[in-house]
There are 2 protein chains.
Amino acid sequence: MADKYQCLKLDNQLCFPLYAVSKEIVRKYKPFLDEVDLTYTQYIVMMVVWEDEKVSVKEMGKKLFLDSGTLTPVLKTLEKKGLIERTRSKEDERNLIVTLTPSGKALKDKAVDIPAKMGGCLNISPDDAMELHIILHRIMETL
Amino acid sequence: MADKYQCLKLDNQLCFPLYAVSKEIVRKYKPFLDEVDLTYTQYIVMMVVWEDEKVSVKEMGKKLFLDSGTLTPVLKTLEKKGLIERTRSKEDERNLIVTLTPSGKALKDKAVDIPAKMGGCLNISPDDAMELHIILHRIMETL
DNA sequence: TATAATTGAATTGTACACAATCTATTTTGA
DNA sequence: TCAAAATAGATTGTGTACAATTCAATTATA
């Protein structure tokens, strides 16, 4: 008869491998991110600004699934580094608008190699990558 | 011609969906973990102790991919809650051995429902779950 | 139209995560 | 055998995450 605690084993969980793989990949990123002097969180924030050029904290939070409690200090750090600017919207002073500085824009060219370098580390088949992508998107929709 | 910055878009990354899904699932866990008064990290630590009954910090770190900098404070918290005991090994005083208290053992019966409750939230097909599990394990091996 | 409700960020407090360093204990090897 | 190397945890410092609260600006409504 099956152990009634079987479900409590780490190996049988779905969440734990996700949690562990996610953390380990971020750790693998570190040497490449060090080259551009960004943490992983700072990197994904920059990815949003690189793509949009002009974003409110609210919009950014929706894209990254992060709230102002996390974003405010990260954005202040990136501003101190001279990569972005934070200004209140004139139409609605509640909105804080994030824009790229020339220095932030320049960094985009240095960052462009990072995804490929990471891919090289991962050693995952294109099929697996595609499949994983699809499943993760499906999960995200249900959440 | 394709945008040379295409690779820098969040949607085209593999790491970001992993990071986001992992965080969102942990957040979904929260109401169920609140019922047993554990955080997610405390929960996975307890899962190791429930399975092994007697583990060193080193072994636990290997299973959870966490170092002593993370585990030491978590273990101290769990000790304060009366769920575990921390004692130095007599054979080798460098090793700290974690064991279950009766109260910690009793909690296992309350926790046994959590994985099923979570599964109910997730709404993922058994096929997807299996496939995801396999891919994540394959990635973990290459890391 | 004044006030209440809502909204978007910032702040506060708690809890990880992890690199780097430190300390005590054990093991090695000249 | 005894000093050097290795090992296991603890500590320190930085940077997220996130819930809960606060605050200022805007919108809705009685």
Side-chain angles (χ1 to χ4, degrees), chain A residues 15-16 18-31 33-34 37-46 55-81 84 86-98 143, chain B residues 15-16 18-31 33-34 37-46 55-81 84 86-98 143:
Chain A
C15 183
F16 177 69
L18 274 168
Y19 159 87
V21 167
S22 158
K23 272 193 316 129
E24 290 308 302
I25 294 185
V26 169
R27 197 207 303 261
K28 278 275 176 185
Y29 258 99
K30 195 171 180 303
L33 290 177
D34 281 348
D37 189 31
L38 292 175
T39 65
Y40 181 70
T41 311
Q42 291 165 10
Y43 172 62
I44 58 175
V45 165
M46 287 308 295
V55 211
S56 72
V57 173
K58 174 87 181 181
E59 290 172 274
M60 183 175 280
K62 260 187 212 155
K63 293 190 183 203
L64 298 178
F65 306 94
L66 295 171
D67 69 6
S68 68
T70 303
L71 288 176
T72 297
V74 174
L75 292 171
K76 282 183 179 175
T77 305
L78 291 173
E79 189 178 42
K80 254 182 224 149
K81 292 189 185 189
I84 60 166
R86 299 161 64 246
T87 39
R88 291 281 165 182
S89 162
K90 269 158 211 155
E91 297 88 57
D92 186 339
E93 294 250 347
R94 286 172 304 184
N95 293 295
L96 189 145
I97 307 298
V98 178
L143 290 175
Chain B
C15 183
F16 177 69
L18 273 168
Y19 159 86
V21 167
S22 159
K23 271 192 317 128
E24 291 308 300
I25 293 184
V26 169
R27 197 207 303 260
K28 278 274 176 186
Y29 257 100
K30 196 172 181 299
L33 291 177
D34 282 347
D37 189 32
L38 292 175
T39 64
Y40 181 70
T41 311
Q42 291 165 11
Y43 172 62
I44 59 175
V45 165
M46 287 309 294
V55 210
S56 72
V57 173
K58 173 89 181 179
E59 290 172 274
M60 183 175 280
K62 259 187 213 154
K63 293 190 182 200
L64 298 179
F65 306 94
L66 294 172
D67 68 7
S68 69
T70 302
L71 287 175
T72 297
V74 173
L75 292 171
K76 283 183 177 174
T77 305
L78 291 172
E79 189 178 42
K80 255 182 222 148
K81 292 190 185 189
I84 60 165
R86 298 161 65 246
T87 39
R88 291 280 167 184
S89 161
K90 268 157 211 156
E91 297 89 56
D92 186 340
E93 295 250 348
R94 287 172 304 182
N95 293 296
L96 189 146
I97 307 297
V98 178
L143 291 175

Open item on the list: I want to verify a distance call: between D:dG15, C:dA9, C:dT26, whose nearest atom is closest to the A:Gln42 side chain?
Closed with: D:dG15
Distance check: side-chain N/O of [X] vs OP1/OP2 of [N], anything under 4.0 Å?
{"X": "A:Thr39", "N": "D:dT14", "value": "no"}
{"X": "A:Thr72", "N": "D:dT16", "value": "no"}
{"X": "A:Lys23", "N": "C:dC18", "value": "yes"}
{"X": "B:Arg88", "N": "D:dA10", "value": "yes"}
{"X": "A:Arg27", "N": "C:dA19", "value": "yes"}
{"X": "B:Tyr40", "N": "D:dA17", "value": "no"}
{"X": "A:Arg94", "N": "C:dA10", "value": "no"}
{"X": "A:Asn95", "N": "C:dA9", "value": "yes"}

For [X], which contact category applies under a 4.0 Å heavy-atom criterion: base, sugar-phosphate, or nothing?
{"X": "A:Leu71", "value": "nothing"}
{"X": "A:Thr77", "value": "nothing"}
{"X": "A:Asp67", "value": "base"}
{"X": "A:Thr70", "value": "base"}

May I have the distance from [X] (atom [atom1]) to [N] (atom [atom2]), rounded to whole angstrom?
{"X": "A:Leu66", "N": "D:dC18", "atom1": "CG", "atom2": "P", "result": "6 Å"}
{"X": "A:Lys76", "N": "D:dT14", "atom1": "NZ", "atom2": "C1'", "result": "17 Å"}
{"X": "A:Lys30", "N": "C:dC18", "atom1": "NZ", "atom2": "P", "result": "11 Å"}
{"X": "A:Glu24", "N": "C:dC18", "atom1": "CD", "atom2": "P", "result": "7 Å"}
{"X": "A:Glu93", "N": "D:dT27", "atom1": "CD", "atom2": "P", "result": "12 Å"}
{"X": "A:Arg86", "N": "C:dA10", "atom1": "CZ", "atom2": "P", "result": "5 Å"}
{"X": "B:Leu64", "N": "C:dC16", "atom1": "CG", "atom2": "C1'", "result": "13 Å"}
{"X": "A:Leu33", "N": "C:dC18", "atom1": "CG", "atom2": "C1'", "result": "15 Å"}

Open item on the list: Can you tell whether the side chains of A:Lys62 and A:Glu59 come within less than 4.0 Å, N to carboxylate O?
Closed with: no
- [ ] Taking only Lys NZ, Arg NE, NH1 and NH2, and the carboxylate oxygens of Asp or Glu, determine whether B:Arg86 and B:Glu79 approach each other closer than 4.0 Å.
- [x] yes
Open item on the list: By nearest heavy atom, map A:Ser89 and A:Thr41 onto DNA chain D; which one lands nearer the 5' end?
Closed with: A:Thr41
Task: Check: B:Thr39 and B:Gln42 side chains under 4.5 Å, non-hydrogen atoms - done: yes
Task: Expected output: side-chain B:Ser89 to main-chain B:Asp92 donor-acceptor under 3.5 Å - done: yes
Open item on the list: Looking at the base of C:dA10, is there any donor atom on it, or on the side chain of A:Ser68, that sits under 3.5 Å from an acceptor on the other one?
Closed with: yes
Open item on the list: I want to confirm an ordering. Mapping A:Glu59 and B:Val74 to their closest nucleotides on DNA chain C, which one lands closer to the 5' end?
Closed with: A:Glu59
- [ ] Hey, can you tell me if A:Tyr29 and A:Tyr43 have their rings parallel, tilted or perpendicular (30° and 60° cut-offs)?
- [x] tilted
Task: Axial cation check for A:Tyr19 ring with A:Lys23, 6.0 Å and 45° limits - done: yes
